[in-house]
Protein chains: 2
Amino acid sequence: MSGGSAPIRLLLADDQALVRGALAALLSLEEDLTVVAEVGRGDEVVPEARRSTPDVALLDVEMPGLDGIAATAALRAALPTCRVLVVTTFGRPGYLRRAMEAGASGFVVKDTPARQLADAVRRVHAGLRVVDPTLAAETLAAGVSPLTERETEVLRTARGGGTVADLARALHLSEGTVRNHLSAAIGKTGARNRADALRVAEQNGWLLGE
Amino acid sequence: MSGGSAPIRLLLADDQALVRGALAALLSLEEDLTVVAEVGRGDEVVPEARRSTPDVALLDVEMPGLDGIAATAALRAALPTCRVLVVTTFGRPGYLRRAMEAGASGFVVKDTPARQLADAVRRVHAGLRVVDPTLAAETLAAGVSPLTERETEVLRTARGGGTVADLARALHLSEGTVRNHLSAAIGKTGARNRADALRVAEQNGWLLGE
DNA sequence: CCTGGCCCCTGACAAATGTCACGGCCGGGA
DNA sequence: TCCCGGCCGTGACATTTGTCAGGGGCCAGG
């Protein structure tokens, strides 16, 4: 490893400054890696990447401005040569699927051992794919979202905690319709409550995208 | 700083291995700090501290086995000379209060700049207190939990997402009683829903302990 | 001792939530 | 072409949830 060639240039995106800085310290210990940029918001990824031309971008999923999945897609469109490694707290099954669909080359959860991160970066840079195997299995198990478009929309809006009447007004629907979509969502998620359904859907990453 | 004296010995506790390792790398860059132990569970803190006798322990709040607050109390009881710096993701107002009551010397949220962490450690080691000022203000504003013992208990049990009948059975109460406690909690939190009340209470750290 | 306040418990009632059966619309086979 | 299946939208109905008024126990202050 780490021959005489130019080091791999990295961009780090994570909303928690402490974690971001710590990751930078960790990766900077490797001779063949160099951190050229750090950002704390999803919508700063592309502008900063344009400026600093990284080889690999490490993106968190949970970020203000633009979530990591959307940032992945934007970055792939703007700088196709830059690979993306998604590094996230939650192993939500749906996240992996969405990240891959958006063009990520790798997906790592934050409780993988620290020493494996550098290797993951190198693999991604070499054009390989890196995926947490246990998470991959879960993803297969959870499958794609069973929720219909409207159902996800209603459920997403319901996160605010409003009453059915509020939702109906916000979505320009009858109260009965809203109730029905919620009921369908509850059935499909196997939950007993609206709140429960919300938890399940969120857990599986079925509520992503705005 | 960092004269010729012995370095400050640190114990790191965080359930996310990657973050833990990254923090270790970050802190190891400082000449006067040395990481002597890392654990991923709250109930490993005291045993490991007994073995490695750290000067300062950095504890996350969210951990399996034992939460960071309880771990703080246990550690203070077992090794009174070891100071505790709580490092957490969420700036829940109640967390700060509980941490301080449990004997922590400092409280830092994970979106403080990375360079400030080493200083926080040094301050704590020197016997000073370290508190995020904005968070301190919020804590004052949020005040102590207005919830009565029974109310918290009911609310805590309600996290499982069960129906009122379930709660009543689990707590050996009449359904009416459960409803009443929930109603009181809803009123006190200023929420409109049970789910909403749950969010508020959790946000303020009023549901800690078990 | 009485009184007032707080917490806990409970049932009856009103309001929100969840379920169901139905009709319209659209696209993909027989 | 017709039929079938899925999704969307809607109202009537049963169930669950939230509110209210009230009773009993306990403790501190007068």
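Order of the sequence lines fixes the chain letters, A, B, ..., with proteins taken first and strands second; residue numbering starts at 1 for each chain. This one's a predicted model, so the numbers in the text were calculated from it and none came from an experiment.
- B/Thr148 has a side-chain polar atom (N or O) that falls below the 4.0 Å cut-off from OP1 or OP2 of C/dC8.
- In this structure, the NE2 atom of A/His172 is 12 Å from the P atom of D/dT10, given to the nearest Å.
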Review item, side-chain donor-acceptor pairs of residues 167-184 of chain B, under 3.5 Å, at least two apart:
residue	atom	partner	partner atom	Å
B/Ser174	OG	B/Gly176	N	3.0

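- With respect to the salt-bridge test (charged N to carboxylate O, under 4.0 angstrom), the residues A/Arg150 and A/Glu153 qualify.
- Between the CG atom of A/Asp166 and the C1' atom of C/dA15 there is a distance of 14 Å, given to the nearest Å.
- For A/Arg150, counting side-chain heavy atoms from C-beta on, the closest listed nucleotide (D/dG9, C/dC8, D/dT10) is D/dG9.
- By the salt bridge (charged side-chain N to carboxylate O under 4.0 Å, His left out) test, B/Arg41 is found to be paired with B/Asp43, residues two or more places apart in sequence or in another chain being considered.
- The distance from atom CG of A/Leu167 to atom C1' of D/dG9 is 16 Å, rounded to the nearest whole Å.
- Between the CD atom of B/Glu153 and the C1' atom of C/dC9 there is a distance of 14 Å, given to the nearest Å.
- Distance A/Leu173 CG to D/dC8 P: 10 Å, rounded to the nearest Å.
- Across all strands, A/Thr177 comes closer than 4.0 Å to base atoms (heavy-atom distances).
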Result block: side-chain N/O donor-acceptor pairs under 3.5 angstrom for residues 75-83 of chain B, not counting sequence neighbours:
residue	atom	partner	partner atom	Å
B/Arg76	NE	B/Gly103	O	3.4
B/Arg76	NH1	B/Pro80	O	3.2
B/Arg76	NH1	B/Cys82	O	3.0

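- Look at CD on A/Glu149: it is 14 Å from C1' on D/dG6, rounded to the nearest Å.
- Look at CG on A/Leu147: it is 10 Å from P on D/dC8, rounded to the nearest Å.
- B/Arg199 pairs by the side chain to side chain donor-acceptor pair (under 3.5 Å) definition with B/Asp196, not counting sequence neighbours.
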Kindly give the atom pairs (protein nitrogen or oxygen, nucleotide nitrogen or oxygen) under 3.5 Å for nucleotides 17-24 of chain C.
residue	atom	partner	partner atom	Å
C/dT17	OP2	A/Thr163	OG1	3.2
C/dT17	OP2	A/Val164	N	2.9
C/dG18	OP1	A/Arg194	N	2.9
C/dG18	OP2	A/Arg194	NE	3.1
C/dG18	OP2	A/Arg194	NH2	3.0
C/dG18	N7	A/Arg179	NE	3.4
C/dG18	O6	A/Arg179	NE	3.2
C/dT19	OP2	A/Ser183	OG	2.6
C/dC20	N4	A/Asn180	OD1	3.3

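- Not counting sequence neighbours, B/Thr157 has no partner by the side chain to side chain donor-acceptor pair (under 3.5 Å) test.
- Salt bridge annotation for B/Arg20-B/Asp60: absent, with no cationic side-chain nitrogen under 4.0 angstrom from a carboxylate oxygen.
- For the pair B/His181 NE2 and C/dG11 C1', the interatomic distance rounds to 14 Å; values are reported in whole Å.
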